Amino acid sequence: MEDGEAAAPPAAEKTVEEEDDFGYRLFPDRSKKPQSFLVRSLFTFHNRCQLMLRMTLETNPYAQLLLEAMKQSGCTVFNDRHFSCENCDGCVSGGFDSATSQIVLCQNNIHQQSHMNRVVTHELIHAFDHCRAHVDWFKNVKHLACSEIRAANLSGDCTLMNEISRFKFGLKGHHQTCVRDRAIRSILAVRKVSKETAEKAVDEVFDACFNDLEPFGRIPHSKTDAKRAYRDFQNRDRYNANL
């Protein structure tokens with residue numbers, strides 16, 4: 001993992017075998033009793049996280065499209081119910097907890113609005129996949145690999161500017177390479193499997209999952225692309241409503 005951006009479903013219920021905690025170790029606040037709003041409001045990290053989250057949900061076209069798509073799929077997302085700002089391990093920025101249908105935002109690791117936008121989008125893609133498909137997050141590594149491929153491909157994780165900021169440069173096929181690498185890294189972050197197992201799972205589903213562009217209909221390489229995709233999605237919805 002790098003830049004604290006590995007993001008994947010952190011966990012199932014804690015009745016699983018001790019040798020595989022499904023990534024809960026990265027999200028220690030998941031096992032703690034929730035703090036009162038008054039207590040949480042005293043922490044600058046939490047306040048900043050909530051403000052950045054609200055900004056993302058209200059202004060970011062990636063997130064807005066995913067929220068609308070989930071609503072149409074019968075999975076309306078509510079800020080207070082489906083997002084949780086928490087302290088996490090230093091190597092992650094967020095995760096999707098399918099056991100609670102909740103997106104975890106790592107308030108101690110997200111410091112910029114652009115980072116929040118990317119993390120929320122990444123995790124909303126996992127939530128969208130969870131809503132529309134019978135994803136076996138915990139026993140079928142191919143299912144996890146597919147969602148990680150889609151999240152890396154569609155969230156902006158692998159834009160040219162983000163890759164340059166990581167000092168990674170490439171020419172033809174670099175986007176696909178980035179998506180593959182980040183999907184593998186995310187699997188290894190939350191599953192106790194070998195690198196070979198993660199690579200095999202990603203490679204076996206890569207083509208199908210890389211080409212599954214729902215709900216964007218395209219790879220949004222920039223905010224402008226995402227705005228176009230959001231507009232097309234809204235027009236598609238209006239067209240279908242008139243059929």
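Note that this is a predicted model, so its numbers are computed, not measured.
Of the charged side-chain nitrogens involved, none lies within less than 4.0 Å of a carboxylate oxygen, so that D136 and K142 do not count as a salt-bridged pair. Ion pairing between D212 and R150 holds under the 4.0 Å rule for side-chain N and carboxylate O.
Taking every heavy atom of both residues into account, Q107 and R48 meet most closely at O-NH2, 4.0 Å. Annotation for Q64 and L57: closest pair CG-O, 3.7 Å, computed over non-hydrogen atoms. Between H115 and I110, the shortest heavy-atom distance links the atoms ND1-CA, 4.0 Å. Closest approach of L188 to V193, counting heavy atoms only: CD2-O, 3.5 Å. For the pair H82 and S101, the tightest heavy-atom approach, listed with the atom from each and the gap, is CD2-O, 3.1 Å. Nearest heavy-atom pair across F128 and P215 is CE2-CD, 3.8 Å.
Annotation: H130 is not in aromatic contact with H126 [ring centroid separation under 6.0 Å not met].
Of the inter-residue distances, the one linking F210 atom CZ with L154 atom CG reads 8.5 Å to the nearest 0.5 angstrom. R54 CZ to Q50 CD: the interatomic distance, rounded to the nearest 0.5 Å, is 6.5 Å. One distance of note links CG of L67 with OG1 of T121; it measures 9.0 Å at 0.5 Å rounding. I184 CD1 to K200 NZ: the interatomic distance, rounded to the nearest 0.5 Å, is 14.0 Å. To the nearest 0.5 Å, atom CZ of residue R191 and atom CH2 of residue W137 are 9.0 Å apart. Put simply, NE2 on H143 and NE2 on H134 are 10.5 Å apart, with the number rounded to the nearest 0.5 Å.
In this structure the side chain of K71 never reaches within 4.5 angstrom of the side chain of V77, judged on heavy atoms. No side-chain heavy atom of E123 sits under 4.5 Å from any side-chain heavy atom of Q102. Between V119 and N109, the closest side-chain pair of non-hydrogen atoms is not below 4.5 Å. Under the 4.5 Å side-chain criterion, counting only non-hydrogen atoms from C-beta, N60 is in contact with K223. Contact of the S98 side chain with the F96 side chain is registered, since non-hydrogen atoms from C-beta on lie closer than 4.5 Å. You'll find the side chain of C88 reaches within 4.5 Å of the side chain of V104, heavy atoms only. Annotation: side chain of D232 is in contact with side chain of R218 (closest heavy-atom distance under 4.5 Å).
The cluster map of Ile, Leu, Val, Met, Phe, Trp and Tyr, joined by side-chain heavy atoms under 4.5 Å apart, puts L66 and M55 in different clusters. If you chain together hydrophobic residues whose side chains sit under 4.5 Å apart, L51 and M116 never meet in one group.
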Are L124 and Y62 close enough, and set up right, to give a side chain to side chain contact (heavy atoms under 4.5 Å, CB included), and what steps lead you there? CA-CA 9 Å; L124 278 173; Y62 291 86; over 6 Å; no

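When the options I149, V141, V179 are evaluated for a side chain to side chain contact (heavy atoms under 4.5 Å, CB included) with V202, the one that passes is I149.
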